[in-house]
Amino acid sequence: MTPDVRPLVAGNWKMNGTRASLDQIKAIAEGVQGPLSEKVETLICPPATLLYVATALCTDSPLQIGAQDCHQNASGAHTGDLSAEMIADCFGTHVIVGHSERRTDHAETDHLVRAKAEAAYAADLTAVICIGETADERKSGQTLDILKRQLAGSVPDGATAERTVIAYEPVWAIGTGLTPTVADVAEAHAFLRAELIKRFGDVGKKMRLLYGGSVKPSNAKELMAVDNVDGALIGGASLKAADFLAIYQVYEELTA
Ligand SMILES: O=C(CO)COP(=O)(O)O
């Protein structure tokens, strides 16, 4: 955790979820009501097909709803794409950009990710900007170099702490059940914090740094307790309300 920074527990549903899954969103929206929600923010990013209905389910809940990607342009001839404005129009508050699955499946570059984050700001959305090294990059000792390059390339110059969340997701930890050691997470997050402060000064002290990659109820407490870890970006375990809420609830103790 970082002093004076409100953690964010976020779920990325990826290409999972149909109308039947709205029950899980409803359960999460209900489960995050209460005093802890003043200390910890929550977010679910369902597939775009559920965005509008999901926000309608959360009108009386602190649970925020976001999207998983946006186009860098505000509108136009881009078949199949979604603009940040459209997400805001559906009452979405956040958009994930630069997830490693988009970087791999759609050849997204740091330059493009930065443009998408700028599009998010223009629509008053918070950009959740993802970075992380592959297994080979870690094995060959390049982790911090890769993180430095992705952070410098993907985060816009105009980034503010209110509208920017950085998610460190080691690619090899996503969906594998593997996680870095607590010491490795601490090293990566301390490095990212120092880079953000170098570039953004005091603003860099307040930008949230999430950890993502096989976060589960069983490992959440030790990962979320690490210095400079200001929340989680959860894939598989966010699909079940009970698991997502169990991860959120580790903050009962961590913020006590
Ligand atoms: O990619 C992730 C979240 O964006 C992490 O996914 P898992 O939690 O399923 O490993």
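Both counts, for ligands and for their atoms, begin at 1 and track the order of listing.
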Practice task
Before signing off on this row, confirm whether Gly236 and ligand 1 have an N or O atom pair separated by under 3.5 Å.
Solution key: yes

Practice task
Would you confirm whether Thr255, through its side chain, and Tyr251, through its main-chain N or O, come within 3.5 Å as a donor-acceptor pair?
Solution key: yes

Practice task
Between Asn12 and ligand 1, find which residue part has any heavy-atom pair under 4.0 Å and reply side chain, backbone, both or neither.
Solution key: side chain

Exercise for the section: Would you indicate whether the side-chain heavy atoms of Asp157 and Arg114 approach each other to under 4.5 Å? Expected result: yes

Exercise for the section: Check whether the side chains of Ser154 and Arg103 place a donor and an acceptor atom closer than 3.5 Å, and report yes or no. Expected result: yes

Completion exercise
ligand 1 atoms nearer than 4.0 angstrom to some heavy atom of Gly213 are 5 (C), 10 (O)

Handout entry: Which atom of Leu8 lies closest to which atom of Leu210, heavy atoms considered
Key = O-CD2, 3.6 Å

Practice task
Measure the spacing between CD1 of Ile44 and CZ of Phe244 and express it to the nearest 0.5 Å.
Solution key: 4.0 Å

Exercise for the section: Tell me which part of Ala173 gets within contact of ligand 1: side chain, backbone, both or neither, using heavy atoms under 4.0 Å. Expected result: backbone

Problem - Contact with ligand 1 for Gly212, non-hydrogen, under 4.0 angstrom - result: no

Practice task
Compute the shortest N/O to N/O distance between Glu101 and ligand 1 and return yes if it is under 3.5 Å, no if not.
Solution key: no

Practice task
Please determine if Asp227 and Arg193 form a salt bridge, counting it only when a charged side-chain N lies under 4.0 Å from a carboxylate O.
Solution key: no

Problem - Lys14 touching ligand 1 at heavy-atom level, < 4.0 angstrom - result: yes

Exercise for the section: Check whether any heavy atom of Ser214 sits under 4.0 Å from an atom of ligand 1. Expected result: yes

Fill in the blank from the handout: Across all chains, not counting sequence neighbours, the ring-ring contact (aromatic ring centres under 6.0 Å, His included) partners of Tyr248 are none

Fill in the blank from the handout: Closest to atom 5 (C) of ligand 1 (heavy atoms only, candidates Cys130, Ala232, Gly235, Ser238) is Gly235

Problem - Contact list for residues 146-188, test ring pair (Phe, Tyr, Trp, His ring centres under 6.0 Å), sequence neighbours left out - result: Tyr168-His189

Fill in the blank from the handout: For Leu233, the atoms of ligand 1 under 4.0 Å from one of its heavy atoms are 3 (C), 4 (O)

Handout entry: Minimum-distance protein heavy atom relative to atom 2 (C) of ligand 1
Key = Glu169 OE2, 3.2 Å

